[in-house]
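Presented below is the structure to which this report refers.
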Amino acid sequence: MVHTDIFFCGIKHSGKSTLGRLVSRRVGLSWRDADNLVKALLPPGDTIRSFYRREGAGAFQNKEVKAVGGFLSSPHPQTIVSMGGGACDNAPLMEAISQKGLTVYLSVPEETLYGRVVRDGIPPFLDATRPRESFHTLYLRRDALYGKLCSLVVHLPDTPDVEDSVRYLEKILQGARNGAQHIRH
């Protein structure tokens, strides 16, 4: 099966946007960030974080489905789309992207992600009194969901050079674009 689009999925700070942008350049595809698609539907000056706090998770998930669905239904070149970290919690969104292309879970070890997430302080989605424990719970749930929902799971190499990850992903995606599905790397 030839896939029209490729969707990079993963837990917050797994490299979806950075790797999506860099890999798309190397393989000659367009790139879009799902968060930017959602932002385009918000009132001027509004942010995703403020919309989420004000309207709640359900309203945000509806915006995600509308934004990504609108993009997918419009004419566009083959594209790598970097999804938001919580896409796995949005069943209609995951179903829509699974039908339109290759879903790729960028798997990164929990300890590595935790370090990235708290580097600039404890984010609001973690319990400030128990950030490590709340991240552990979130990680376990989302790791299981992405592993189940995505057609390709890529365990990214632990390397300080992002170009190593880009080359690794490029090689794996080349194989996946040639027909391999439901594989783990």
Side-chain angles (χ1 to χ4, degrees), residues 1-107 125 141-154 156 166 169-170 172-185:
M1 173 181 179
V2 175
H3 298 282
T4 303
D5 295 308
I6 299 169
F7 301 92
F8 280 3
C9 300
I11 300 168
K12 184 174 182 66
H13 287 293
S14 59
K16 301 174 303 290
S17 295
T18 299
L19 293 170
R21 184 174 31 81
L22 295 172
V23 170
S24 68
R25 288 180 190 160
R26 283 185 68 114
V27 300
L29 300 179
S30 291
W31 174 73
R32 295 288 182 273
D33 190 297
D35 285 348
N36 291 336
L37 297 173
V38 172
K39 284 180 197 174
L41 297 181
L42 300 180
D46 205 356
T47 66
I48 288 178
R49 183 171 283 180
S50 64
F51 178 84
Y52 189 97
R53 283 187 184 141
R54 185 178 65 250
E55 303 294 332
F60 175 74
Q61 289 176 341
N62 289 338
K63 284 280 190 212
E64 274 186 313
V65 170
K66 185 175 180 180
V68 173
F71 171 74
L72 294 175
S73 66
S74 67
H76 63 276
Q78 189 173 18
T79 303
I80 292 177
V81 181
S82 298
M83 304 304 295
C88 63
D89 294 328
N90 189 338
L93 179 66
M94 290 302 294
E95 183 176 328
I97 66 173
S98 293
Q99 292 175 2
K100 295 291 187 175
L102 177 68
T103 53
V104 180
Y105 172 33
L106 302 180
S107 176
F125 66 88
R141 186 175 57 74
R142 287 188 175 172
D143 181 62
L145 278 171
Y146 280 126
K148 182 175 94 174
L149 297 171
C150 290
S151 50
L152 177 63
V153 176
V154 177
L156 291 174
V166 170
L169 263 172
E170 179 184 17
I172 290 170
L173 289 176
Q174 188 60 41
R177 289 168 76 191
N178 290 332
Q181 288 183 283
H182 298 286
I183 52 180
R184 306 288 188 251
H185 286 276

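For this chain, numbers begin at 1 and follow the sequence in order. Just so it is clear, the structure is predicted and the values come from calculations on it, not from any experiment.
Here the CZ atom belonging to Phe7 is positioned 13.5 Å from the CG atom belonging to Leu152, to the nearest 0.5 angstrom. Rounding to the nearest 0.5 Å places CD1 of Ile11 at 7.5 Å from OG of Ser107. Of the inter-residue distances, the one linking Ile97 atom CD1 with Glu64 atom CD reads 9.5 Å to the nearest 0.5 angstrom.
Counting only heavy atoms from C-beta outward, the side chains of Leu156 and Leu19 approach each other to under 4.5 Å. With contacts defined as side-chain heavy-atom distances shorter than 4.5 Å, the pair Thr103/Leu149 does not qualify. With a 4.5 Å cut-off on side-chain heavy atoms, Arg141 and Asp89 count as touching. Within the 4.5 Å cutoff, no side-chain heavy atoms of Ser24 are placed close to those of Thr79. At a threshold of 4.5 Å between non-hydrogen side-chain atoms, the residues Leu173 and Phe8 count as touching. Side chains of Val104 and Ile80 form no contact here, defined as non-hydrogen atoms less than 4.5 Å apart.
Here the side chain of Gln61 pairs no donor or acceptor atom with the backbone of Gly86 at under 3.5 angstrom. With hydrogens and angles disregarded, a donor-acceptor distance shorter than 3.5 Å links the side chain of Tyr146 to the backbone of Cys88. Checking side-chain atoms of Ser50 against main-chain N and O of Thr47 turns up a donor-acceptor pair under 3.5 Å. For the pair Gln78 (side chain) and Thr4 (backbone), a donor-acceptor distance under 3.5 Å is present. Listed for the Lys16 side chain is a donor-acceptor partner under 3.5 Å among the backbone atoms of Gly10. With hydrogens and angles disregarded, a donor-acceptor distance shorter than 3.5 Å links the side chain of Ser98 to the backbone of Met94.
Every residue was checked against the salt bridge (Lys or Arg N to Asp or Glu O under 4.0 Å) condition with Arg49, not counting sequence neighbours, and none meets it.
Ring pair Phe51/Phe60 is tilted by interplanar angle, where 30° to 60° counts as tilted.
Shown here for Leu93 and Met83, the closest heavy-atom pair between the two residues is CD2-CE, 3.7 Å. When every heavy atom of Leu102 is checked against every heavy atom of Ser151, the shortest pair comes out as CD1-OG, 3.2 Å.
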Show every donor-acceptor pair shorter than 3.5 Å between a side-chain atom in residues 28-45 and any protein atom, with sequence neighbours excluded, or say none if there are none.
from	atom 1	to	atom 2	distance (Å)
Trp31	NE1	Ser82	OG	2.8
Asp33	OD1	Asp35	N	2.8
Asp33	OD2	Ser17	OG	2.5

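Crowding of Tyr52 atom OH: a count of heavy atoms from other residues, nucleotides or ligands under 6.0 Å not exceeding 12.
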